[in-house]
Amino acid sequence: MHSYLRAVGFSKVKSRKEMQEIIRDVMSTYDEKIAVENHPDGVFVEYSKNYGCDCGITVCGQYDEENEFHVEYTFPFFRGTGITTQEHVVVERHSEKESYAGACDDLRLGVTLIFYLQNAAEYLQQRGREEMLSGNPPLTLSGLAREGKILFPVQKDKEAVKVERELTKNRNNLIAAARNGDEEAMEDLTMEDMDTYSMISERIVTDDVFTIVDSYFMPHGIECDQYSIMGEILEYVTFKNILTGEELCQMTIECNDIQFDVCINKADLLGEPEVGRRFKGLIWLQGQLHF
């Protein structure tokens, strides 16, 4: 069983038989079907069905010469809203199956974003077209959360927020210059990091760590598309899985100046979400490229 099935409302699915029933339901009453006919091993098909608000199950597989469908893999999905970034994205196939991972560098995060590509069939259809290669297709990121908790916000005045945004903007400009070989920018970044370390060393004696750090986005564990995040809740909505009735919570999070949506099973969320509060949790990062 996929460990993130519970995030879309299938926490009680424990056996292979139950999973087979869900796969049959997806294939017979799908909301979206994309077929790639020029695939070297046969016709690759992707079936997707929503069991909630933009979240559900995708079944991928191939039809053989006798027109019989063979399921290769399934995964839970949650499609976010808006455009997260338009940075250059590199896509690579996973070694064991016809699924793909994407990676992009966004200066606002400071780490390379690695995500699971939701629309693999659409990517396969568009892969050979010149217009796809010539530009950077917009990317929408989203996350399925295995666990999470709600934290109170950090109190800030409007002037402090304005100053912080200006500092972040200047830092992003310095990082961009440092990548291009600007030695002065590298020195400024080094000095800035030393000042930050000094400030944290002084404040950590008396302040809680989540008061000093109000947002973060960093890799978690061995798998490269899983992250530990904390960010401010901009909006949220609750709904139920139409098949199981399990309650889900979908939140729009602002984390390190990047906005994306997160979906979590309400049973796995500690605390009550409210606009302005913070969400802290472990997510499986997914992405959808818009061609």
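Quick caveat: nothing in here was measured; it's all calculated off a predicted structure.
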**Asked** Can Cys104 and Thr85 be said to form a side chain to side chain contact (heavy atoms under 4.5 Å, CB included), step by step?
**Response** CA-CA 9 Å; Cys104 75; Thr85 181; 4.2 Å; yes
**Asked** Do Leu285 and Gln226 pass the side chain to side chain contact (heavy atoms under 4.5 Å, CB included) test, and can you show the C-alpha distance, the side-chain angles, and the key distance before you say yes or no?
**Response** CA-CA 6 Å; Leu285 193 66; Gln226 297 192 20; over 6 Å; no
**Request:** Given side chain to side chain contact (heavy atoms under 4.5 Å, CB included), test Leu234 with Gln259 step by step and report yes or no.
**Result:** CA-CA 9 Å; Leu234 303 180; Gln259 291 184 20; 3.4 Å; yes
**Request:** Kindly indicate, with the supporting measurements, whether the criterion side chain to side chain contact (heavy atoms under 4.5 Å, CB included) is fulfilled by Ser142 and Gln286.
**Result:** CA-CA 5 Å; Ser142 56; Gln286 300 183 340; 4.0 Å; yes
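Looking at Arg6 and Asp268, a side-chain N of the basic residue comes within less than 4.0 Å of a carboxylate O on the acidic one, giving a salt bridge. A salt bridge links Arg79 with Glu32: the distance from a Lys NZ or Arg NE/NH1/NH2 to an Asp or Glu carboxylate oxygen falls below 4.0 Å.
Contacts of His94 classified as ring-ring contact (aromatic ring centres under 6.0 Å, His included), with partners at least two apart in sequence or in another chain: Tyr116. Scanning for side-chain hydrogen bond (donor to acceptor under 3.5 Å, both in side chains) contacts around Glu187 gives an empty result, with sequence neighbours left out. Residues passing the side-chain hydrogen bond (donor to acceptor under 3.5 Å, both in side chains) test with Tyr216 are Ser228, sequence neighbours excluded. For Ser11, the side-chain hydrogen bond (donor to acceptor under 3.5 Å, both in side chains) partners are Glu246, not counting sequence neighbours.
When hydrophobic clusters are built by joining Ile, Leu, Val, Met, Phe, Trp and Tyr residues whose side-chain heavy atoms come closer than 4.5 Å, directly or via intermediates, Ile258 is grouped together with Phe217. In the hydrophobic clustering of ILVMFWY residues, with side-chain heavy atoms under 4.5 Å counting as a link, Met251 and Leu270 come out apart. Both Ile264 and Val275 belong to a common hydrophobic cluster when Ile, Leu, Val, Met, Phe, Trp and Tyr are linked at side-chain heavy-atom distances under 4.5 angstrom. Using a 4.5 Å cut-off between side-chain heavy atoms of Ile, Leu, Val, Met, Phe, Trp and Tyr, with links allowed through other members, Val26 and Ile242 fall into the same hydrophobic cluster. Residues Tyr100 and Ile34 do not share a hydrophobic cluster, clusters being chains of Ile/Leu/Val/Met/Phe/Trp/Tyr side chains in contact below 4.5 Å.
Inter-residue side-chain proximity for Leu282 and Tyr227 is flagged as unmet; no heavy-atom pair is nearer than 4.5 Å. Side-chain contact between Cys55 and Phe239 is present, with heavy atoms from C-beta onward closer than 4.5 Å. You'll find the side chain of Val89 stays beyond 4.5 Å of the side chain of Asn136, heavy atoms only. Taking 4.5 Å as the limit, some side-chain heavy atom of Gln250 sits within range of a side-chain heavy atom of Phe78. Contact of the Arg278 side chain with the Val154 side chain is registered, since non-hydrogen atoms from C-beta on lie closer than 4.5 Å. Side-chain contact between Tyr236 and Glu274 is present, with at least one heavy-atom pair separated by less than 4.5 Å. When side chains are defined from C-beta on, Ile23 counts as touching Met19, because their heavy atoms get closer than 4.5 Å. In this structure the side chain of Leu139 never reaches within 4.5 angstrom of the side chain of Gln86, judged on heavy atoms.
Around CD of Glu92, the count of heavy atoms belonging to other residues, nucleotides or ligands within 6.0 Å does not exceed 12. Heavy-atom contacts from other residues, nucleotides or ligands closer than 6.0 Å to CD of Glu223 number 12 or fewer. Within 6.0 Å of NZ in Lys149 there are 12 or fewer heavy atoms belonging to other residues, nucleotides or ligands. The number of heavy-atom neighbours closer than 6.0 Å to CD of Glu96, taken from other residues, nucleotides and ligands shown, is above 12.
Closest approach of Gln118 to Phe75, counting heavy atoms only: O-CZ, 3.7 Å. Counting all heavy atoms, side chain and backbone alike, Asn119 lies closest to Gly287 at OD1-O, 4.1 Å. In terms of heavy atoms, Ala121 sits closest to Val36 at O-CG2, 3.4 Å. Residues Ala7 and Ala145 share a closest heavy-atom pair of CB-O, 3.5 Å. Taking all atoms of both residues into account, the shortest heavy-atom contact from Val45 to Ala35 is CG2-CB, 4.1 Å. In this structure, Pro273 and Lys266 approach most closely via the heavy-atom pair CD-CE, 4.4 Å.
A distance of 13.5 Å separates CD1 in Ile22 from NZ in Lys17, rounded to the nearest 0.5 Å. The line from OG1 of Thr252 to CD of Glu232 is 11.5 Å long, rounded to the nearest 0.5 Å. Once rounded to the nearest 0.5 Å, the distance linking CZ of Phe260 with CG of Leu113 reads 8.5 Å. Atom CD1 of Ile150 is separated from atom CZ of Phe279 by 6.5 Å, given to the nearest 0.5 angstrom. Residue Ile253 holds its CD1 atom at 8.5 Å from CG of Asp261, rounded to the nearest 0.5 Å. Between the CD atom of Gln125 and the CZ atom of Phe291 there is a distance of 9.5 Å, given to the nearest 0.5 Å.
As a member of the Ile/Leu/Val/Met/Phe/Trp/Tyr network built from side-chain separations under 4.5 Å, Phe152 groups with nothing else and remains a singleton.
Here the side chain of Glu18 pairs a donor or acceptor atom with the backbone of Ser15 at under 3.5 angstrom. Between the side chain of Thr238 and the backbone N or O of Leu248 there is no donor-acceptor pair closer than 3.5 Å. Within the 3.5 Å criterion, the main-chain N or O of Glu98 finds a donor-acceptor partner in the side chain of Tyr73. Looking only at distances, a side-chain donor or acceptor of Thr244 sits under 3.5 Å from a matching main-chain atom of Gly9. Although no hydrogens or angles enter the test, the distance criterion places no donor-acceptor pair under 3.5 Å between the side chain of Glu122 and the main chain of His290.
Taking the six-membered ring for Trp and the full ring otherwise, the centers of His220 and Trp284 sit at least 6.0 Å from each other.
Identified under the side chain to side chain donor-acceptor pair (under 3.5 Å) test for residues 44-61, with sequence neighbours left out: Asp25-Lys49, Asp25-Tyr51, Thr29-Lys49, Tyr47-Tyr63, Ser48-Thr58.
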